[in-house]
Amino acid sequence: MLNTTGNAALKVTALYLIISLLWILLSDRAVLALSADARGLAVLQTLKGWLFVMVTGTGLYVLLRRSYGQIENRLRELQRQQAALGESERRYRSFIENTSEGVYSFEPEQPIPTGLPVEEQVRRLYRGRIVACNDAMARMYGHPRADALIGMDLKALHGDEVRPENIAFLSDWISTGYRIVGAESQEVDKDGNTLWFSNNVVGVIEDGRLARVWGTQTDITERRLAEIERDRVVADLEALNDQLDQRVRERTAELVAANRELESFTYAVSHDLRAPIRAIHGFQQALREDYGEKLPQGARDYLEEISVGAARMNALIEGLLELSRATQAEVQRSEVDLGQLARELHAQFVRLHPQRRVELRLGPGLTAVGDLRLLRTLLQNLLENAWKYTAGTEPAQIMLSRIDSAGVCYFCVEDNGVGFEPEFAHRLFEPFQRLHRQDEYPGIGIGLATAQRIVRRHGGDIAGCGRPYGGARFCFTLGPGPSEDR
Amino acid sequence: MKGGRKILLVEDNPQDEKLTLRALRRINIANSIDVVRDGAEALDYLFRRKAYTGLAGQPMPAVVLLDIKLPKMSGLEVLAALRQHEPTRNLPVVMLTSSNEDSDVLHSYRSGANSYVRKPVEAGEFTEAVARVGLYWMVLNEPPRD
């Protein structure tokens with residue numbers, strides 16, 4: 001602009017010089033040619049002088065007028081621009097002052113060469129100070145106005161304490177080219193409360209040195225506190241979980257130990273309790289066989305009672321062992337034909353009681369999934385009962401069938417025997433509970449308890465229904481059916 | 001009788017011993033029975049050592065009736081020891097015991113028992129079982145030559 005003005009002035013001056021020189025050189029000759037006398041010459045000279053002054057005066061007027069006009073326009077333009085600039089700055093200032101984010105400018109003591117090791121740069125940054133910030137920034141630290149924060153060094157903002165997470169944040173910022181978005185810092189307010197900020201920071205590099213830093217920050221303390229609280233709750237839950245796990249492990253170990261004890265007890269019972277019964281039985285028999293003729297009838301009757309007592313004791317022990325085995329044995333599932341099992345058991349009963357006539361009827365679909373040995377014991381107990389309680393019925397019938405209802409498969413053993421009173425049905429499955437008198441139907445009351453344990457070990461259940469002299473029916477399930485089981 | 005061979009009964013319960021002897025007496029083989037009362041003594045008898053060195057040179061018993069639950073050494077341990085020694089490797093051993101646990105039956109056969117008989121509790125059955133075992137091993141069975 002200045003240059004063009006200079007050039008224009010030079011051009012005008014040069015033109016004036018050339019025209020003036022030509023005027024001086026040529027005008028006198030023209031005057032001399034027009035008049036020879038001195039008077040006329042003087043008049044012409046005066047006229048020529050007037051003409052020159054008028055022409056140059058007019059030129060000067062035109063030029064000045066144009067220049068002033070231009071200057072005035074330029075001034076008006078400048079004033080307009082200045083007004084717009086002021087408006088824009090007011091808008092920005094109000095934006096910065098009213099935003100909820102903290103906005104600041106920060107300067108190190110001396111510009112920091114970017115070639116220094118990162119740790120050294122961080123060390124120097126800590127001595128830098130806030131040079132400008134908004135009120136929102138000051139309020140974040142508990143101060144009402146920005147001036148309180150201006151001049152404060154970074155160390156003070158970070159709580160006079162070098163925290164590893166802040167070192168990490170600054171190191172990251174340096175290594176990513178002095179530009180970072182959403183980096184977290186941990187600082188303190190003026191009352192010493194810990195604050196967390198999310199930072200956007202840009203460094204201004206001049207001649208390979210970090211001259212100043214611009215940044216904005218958002219207070220995320222509430223979110224971080226919630227996260228910390230959540231982490232604490234999760235940790236508490238995990239600890240509680242571990243405790244529970246530990247307790248379950250302990251209980252399991254205790255249970256395993258108790259089971260082992262029970263097993264060895266069962267073993268001892270099976271071996272040691274049988275021996276004295278065998279002795280009672282054996283010597284009673286020996287007495288009868290070896291000295292029978294010398295004993296009066298009364299003594300022989302007593303020997304018979306001893307024999308019955310010993311047999312009953314033996315049955316009790318066997319029953320207990322069966323019950324214990326039903327509880328202890330591992331359930332090994334396979335496909336079992338209950339119909340086939342029932343036929344085998346029935347044949348066995350027929351051999352033991354050849355005088356009885358009992359008909360066994362089998363329905364279709366009697367394949368179950370369960371432990372063969374346990375299912376044999378289960379059926380043995382149910383069929384034995386049916387066999388026993390049909391002793392007074394003619395013709396005696398036992399039926400094993402399958403009923404599918406609501407997606408559940410029931411197997412039922414039904415007889416037409418003496419039945420039982422339904423109000424006592426719930427007591428059927430308690431060990432040593434009986435609904436019939438010993439002299440009517442002998443037994444020890446352990447068979448149905450064993451049966452119940454067996455179906456429960458399979459994840460199923462058993463129920464009985466009957467009425468006096470109307471037969472009895474026992475239905476059981478064996479947990480998940482064959483399809484879901486595999 | 002097979003060349004005057006004996007039965008060795010290993011039994012710690014005196015009542016079972018008496019009943020067993022009585023059952024064998026009834027079939028007239030009671031006087032060819034020796035009785036020892038624990039597992040260690042059974043091995044002394046069969047290996048002819050300690051109190052039983054005097055038996056050296058005598059033939060091995062026709063059969064050993066071995067209880068499982070014995071003081072000092074269990075019947076199963078005795079059986080295992082017998083099967084590890086050449087002179088007793090083929091000796092007929094019948095487990096005669098109160099236990100009817102599957103695991104005991106399985107262990108017995110795995111350890112080399114020739115037979116497993118459960119002592120019945122009922123007196124008649126017990127006498128019958130012992131008599132049958134005695135007759136079979138003393139009369140019918142051909143034992144290995146020493």
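Predicted model only: the values in this text are computed from it and were never measured. No hydrogens, no waters, no symmetry mates; every other heavy atom, side chains included, goes into these values. Below, chain A is the first sequence line, B the second, and so on; all start at residue 1.
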A:D290 and B:R26: CA distance, side-chain angles, deciding distance, side chain to side chain contact (heavy atoms under 4.5 Å, CB included) verdict: CA-CA 11 Å; A:D290 298 357; B:R26 288 166 70 88; 3.9 Å; yes

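- Taking every heavy atom of both residues into account, A:A275 and B:N13 meet most closely at CB-ND2, 3.4 Å.
- Surrounding CD of A:Q297 are more than 12 heavy atoms belonging to other residues, nucleotides or ligands, all under 6.0 Å away.
- Counted within 6.0 Å of CZ on B:R89, heavy atoms from surrounding residues, nucleotides or ligands total more than 12; the atom is thus considered enclosed.
- Within the 4.5 angstrom heavy-atom criterion, no atom of A:A311 approaches chain B.
- Other residues, nucleotides and ligands contribute more than 12 heavy atoms inside 6.0 Å of the OH atom of B:Y109.
- The two residues A:A279 and B:Q15 come nearest to each other via the heavy atoms CB-OE1, 3.0 Å.
- Annotation: A:R249, atom CZ; neighbour count of heavy atoms from other residues, nucleotides and ligands within 6.0 Å is above 12.
- Within 6.0 Å of CD in A:E250 there are more than 12 heavy atoms belonging to other residues, nucleotides or ligands.
- Proximity to chain A (any heavy atom under 4.5 Å) is shown, for B:S103, by neither the backbone nor the side chain.
- Annotation for A:R300: atom CZ counts as buried by contact number, over 12 foreign heavy atoms lying within 6.0 Å.
- Shortest non-hydrogen contact noted between B:R22 and A:Q285 is NH2-O, 4.3 Å.
- Residue B:D16 comes nearest to A:R278 through the heavy atom pair OD2-NH2, 2.6 Å, listed as atom of the first residue, atom of the second, then distance.
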